[in-house]
S.K.: 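Mind having a look at this structure? Questions to follow.
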Amino acid sequence: MPAPLSRIRVLDLSRVFAGPFAGQMLADFGADVIKVERPRTGDETRHHGQRIRDSRGNETDGTAAFLSMNRGKRSVTVDIAKPEGQDIVRALAAQSDVLIENFKAGELGRYRLDYASLHALNPRLVYCSITGFGQTGPRSREPGYDLAFQAMSGIMSITGHPDGAPGEGPQRVGYSVSDITASYHAVIAILGALYARETGACAGQHIDVALLDSQIAAASHVAMQYLLSGVQPARVGSGSHFMAPYQVFHCSDHPLVILCGNDAQFRSLAAALGRADLAQDPRCATNPERLRHRQWLAAEIQAVVGTRSRSAWVVAFQEAGVPCAPIYEFAQTFDDPQVRHRNLVMSMPFAATGTLPMIANPLRFSETSVVYERPPPGLGEHTDEVCTGLLGMSPEQLAALRRDGVL
Amino acid sequence: MTCLSGVRVLDLSRVFSGPWASQMLADFGADVIKVERPGRGDDVRQQGLRVKDADGRETRETSSYLAMNRGKRSITVDLSQPDGQQLIRDLARQSDILIENFKAGDLARHGLDYASLSAVNPRLVYCSISGFGQTGPYRHLPGYDPLFQSMSGLMSITGHADGEPGGGPLRVGYSVGDITAGFYAVCAVLAALRQRDMVSGQGQHIDLALLDAQVAAVSHVAMMYLVSGEQPPRLGNASPITCPWQSFDCADGQIVVAVGNDTQFSAFCRVLGMPELATDERFSTNRMRARNRLELVPVLADALARRPVAQWQAEFQDAGVPSGPINGFAEVFADPQIVHRQMLMHLPHDEIGRVPQVANPVRFSANPIEYDRPPPLLGQHTEEVLAELLGLDAESLDRLRRNRVI
């Protein structure tokens with residue numbers, strides 16, 4: 001069965017993170033994604049973080065960051081600061097359905113590669129701009145990175161230990177969550193715009209996604225609590241603003257997350273702990289009551305949980321239907337029977353190392369499989385293929401452009 | 001003109017990731033029919049803060065419900081009664097997308113699983129969202145956000161380093177696992193809709209798990225583990241691969257600095273009045289800075305501690321150094337950029353008067369998002385929808401209501 005985005009071509013001018021991650025999702029859905037990179041250096045993530053080693057232990061030029069978000073694409077090197085390079089991008093845009101870019105607002109206008117210029121050339125083009133602050137507003141021309149948007153969106157203010165506790169203060173989420181959040185919005189917006197185009201609602205259009213906006217939207221129900229009360233939600237460590245019990249407890253050997261999503265689960269928890277009396281206690285009758293008495297309740301639960309090992313509690317709680325989870329490091333995540341069953345780690349053939357482990361797309365369609373045909377490309381691996389196949393260039397033209405540093 | 005005008009979504013999901021996904025579809029112009037249990041409704045109506053009306057009286061509406069249910073019509077139907085099941089089948093026949101998050105297998109007992117409904121409407125895109133997926137050893141277990149934060153490895157990389165005060169894994173302060181799954185659900189249904197309309201003419205079943213989705217979201221960090229076999233360290237507010245990329249104490253509060261390249265590092269050093277740092281070979285490239293972090297960071301921290309946040313912020317902004325204050329929500333919604341982007345808006349609401357909403361961050365040039373419905377009251381549109389789509393008359397509605405089917 002052809003993939004959902006078969007016959008869709010994506011011209012991906014974006015670098016580093018939110019854009020490439022979005023481009024990878026479109027590639028997973030079967031689009032032909034052409035990644036345009038700067039000659040010689042390429043996407044900055046090719047240089048971020050540790051380089052992976054091949055089977056003989058030698059460093060390759062792949063990095064974990066680059067390899068995690070660039071499968072399924074063809075890499076073409078083009079210098080867009082040069083007029084011939086701009087011509088090549090324009091010629092490719094004329095044959096594309098989607099363009100993704102994350103240059104600072106206004107920068108591509110200088111090269112006549114902005115929405116207005118390319119829309120004139122190809123009115124059906126869906127042009128998605130992803131920036132830190134958006135295309136408009138007082139800070140629209142500033143660069144921005146994940147950490148700043150974690151800080152500015154308020155999510156750091158609600159992550160971390162409570163005031164007064166050891167290590168108190170706002171904490172960063174351990175991955176680039178605002179980049180990823182913006183990626184999802186970009187993919188959703190692009191698919192929405194393609195749908196509108198194909199149902200005849202409109203031609204192509206310009207989409208303006210900002211990391212800051214996206215991350216604020218994702219803080220959703222916690223931000224909403226502030227908006228409706230005017231009170232900043234307190235940091236509660238690993239606890240919850242909304243439910244109790246709902247936190248990390250310490251078994252005799254390892255920590256365990258335990259929570260109760262409803263009153264029936266709390267009664268099961270009390271029984272599994274051998275504390276049926278708690279289920280009768282009016283302080284525990286409803287979630288609002290438990291939330292009010294959560295410190296007392298946590299101490300009661302901790303006293304019992306601390307007497308046995310984590311593996312014993314996991315078995316007991318799973319049988320009783322009490323939601324619980326060990327805090328995994330990645331080795332344990334990928335060794336978990338459910339994670340294994342779901343085939344979340346797959347492997348692709350990869351020139352530098354033989355095979356490359358990759359985290360699969362989490363979407364499982366009954367009729368259309370996700371497409372994994374290409375590993376993350378080498379820099380410029382497909383320049384000749386694309387310039388010949390789509391633009392009809394001759395070997396002599398390619399050689400000349402390469403000599404001039406355009407490709 | 002909206003992107004998804006003419007698309008109908010039947011939303012049987014409760015609490016979080018499903019409603020979050022269907023709110024996005026409603027923002028894009030789909031007709032979203034939210035099916036709720038008569039009497040109590042979606043559990044999220046009981047979660048979060050109870051909202052007061054203009055006169056200070058508590059209403060039945062809660063902050064969590066209001067955060068993820070705008071743009072929908074609410075109908076109440078009892079799925080455990082045969083008549084209720086028939087209503088859902090009749091509505092599914094006229095829908096493009098169905099979203100549900102019951103435990104795997106639950107809806108089959110009611111004849112509302114994918115096999116049953118695709119027989120009624122082969123064009124239906126049916127999206128199941130569950131904690132662990134429709135298959136595998138944990139498929140029957142209930143799931144909540146913190147389980148997926150911990151099982152995906154996310155908590156293991158969030159928090160202070162071991163040995164520091166408060167060291168140890170930490171939960172992200174919002175339900176990131178639910179939200180992540182909500183985004184994937186939207187990606188999936190839109191892809192499947194396109195597949196149906198442009199390729200196959202047929203709907204399909206989507207099996208989305210919160211655990212899978214959150215593992216995919218942390219993929220760039222997990223990838224460090226997969227290619228090296230080593231667990232990435234927890235570094236508090238710092239990054240393992242970029243430096244300086246962390247929070248610093250200023251004279252009156254904290255600021256984060258995220259220097260993404262060497263040019264920005266030069267500008268940063270100039271603002272600090274220490275231009276020589278940028279040419280020091282220990283710090284001249286990001287790779288060297290990351291390696292010599294322990295030498296560099298104390299020098300920077302010392303300089304930054306001498307002046308207040310606002311002053312540094314202004315100078316960094318002028319110099320093009322990415323930085324930002326650590327905002328509480330009061331500062332978030334007062335920030336000039338966020339105000340300019342109109343991320344906060346209000347909708348009229350029958351009980352509350354005016355309900356604040358965080359706007360959809362997607363800005364389309366041709367299909368601006370229209371917000372024409374506030375989060376509905378429980379069952380607000382039952383009669384409207386059943387009359388409009390199923391042609392039920394007052395008498396039938398009355399009978400269904402008497403039998404507590406709706």
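We name chains A, B, ... by the order of the sequence lines, and we start the count at 1 in each one.
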S.K.: With distance as the sole criterion, is a donor-acceptor pair present between the side chains of B:Tyr174 and A:Gln215 under 3.5 Å?
M.R.: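 Yes - a donor-acceptor pair under 3.5 Å links their side chains.
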S.K.: Return yes if a side-chain donor-acceptor contact under 3.5 Å exists between A:Glu142 and B:Gln317, otherwise no.
M.R.: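 Distance-only check passes for A:Glu142 and B:Gln317.
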S.K.: Pick out which of A:Val248, A:Ile327, A:Thr333 makes a side-chain contact (heavy atoms from CB on, under 4.5 Å) with B:Ser150.
M.R.: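 With B:Ser150 as partner, side-chain contact (heavy atoms from CB on, under 4.5 Å) holds for just one option, A:Ile327.
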S.K.: Taking ring pair (Phe, Tyr, Trp, His ring centres under 6.0 Å) as the test, write out the residues that go with A:Tyr184, two or more places apart.
M.R.: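 A:Tyr184 satisfies ring pair (Phe, Tyr, Trp, His ring centres under 6.0 Å) with B:Phe183, B:Tyr184 once adjacent residues are dropped.
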S.K.: Taking the ring of A:His341 and the ring of B:Tyr138, is the distance between their centroids below 6.0 Å?
M.R.: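 Not close enough - the centres of the two rings lie 6.0 Å or further apart.
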S.K.: Of all heavy-atom pairs between B:Gly324 and A:Ala151, which one has the smallest distance, and what is that distance?
M.R.: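 Closest approach of B:Gly324 to A:Ala151: O-CB, 4.4 Å.
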S.K.: Mind checking what makes ring pair (Phe, Tyr, Trp, His ring centres under 6.0 Å) contact with A:Tyr145, not counting sequence neighbours?
M.R.: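 Once residues adjacent in sequence are excluded, the partners of A:Tyr145 under the ring pair (Phe, Tyr, Trp, His ring centres under 6.0 Å) criterion are B:Trp245.
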S.K.: Walk me through whether B:Asn367 and A:Gln205 qualify under side-chain hydrogen bond (donor to acceptor under 3.5 Å, both in side chains).
M.R.: CA-CA 8 Å; B:Asn367 312 115; A:Gln205 59 180 310; 2.4 Å; yes
S.K.: May I ask you to check whether B:His220 and A:Phe17 place their ring centers less than 6.0 Å from one another?
M.R.: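 For B:His220 and A:Phe17, the ring centres are under 6.0 Å apart.
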S.K.: Tell me, for A:Ser6 versus chain B, whether the close heavy atoms (under 4.5 Å) come from the side chain, the backbone, both or neither.
M.R.: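 Both backbone and side chain of A:Ser6 come within 4.5 Å of chain B.
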S.K.: In Å, rounded to the nearest 0.5 Å, how long is the span from CG of B:Asp197 to CG of A:Leu194?
M.R.: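 Taking CG in B:Asp197 and CG in A:Leu194, the distance rounds to 12.5 Å.
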S.K.: Can you measure from CD (A:Gln225) to CD (B:Gln47) and round to the nearest 0.5 angstrom?
M.R.: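 Separation between the atoms: 11.5 Å.
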S.K.: Can you measure from OG (B:Ser365) to OH (A:Tyr115) and round to the nearest 0.5 angstrom?
M.R.: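 Spacing of OG (B:Ser365) from OH (A:Tyr115) equals 4.5 Å.
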S.K.: CZ/A:Arg172 to CG/B:Leu235 distance, rounded to the nearest 0.5 angstrom?
M.R.: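 Spacing of CZ (A:Arg172) from CG (B:Leu235) equals 7.5 Å.
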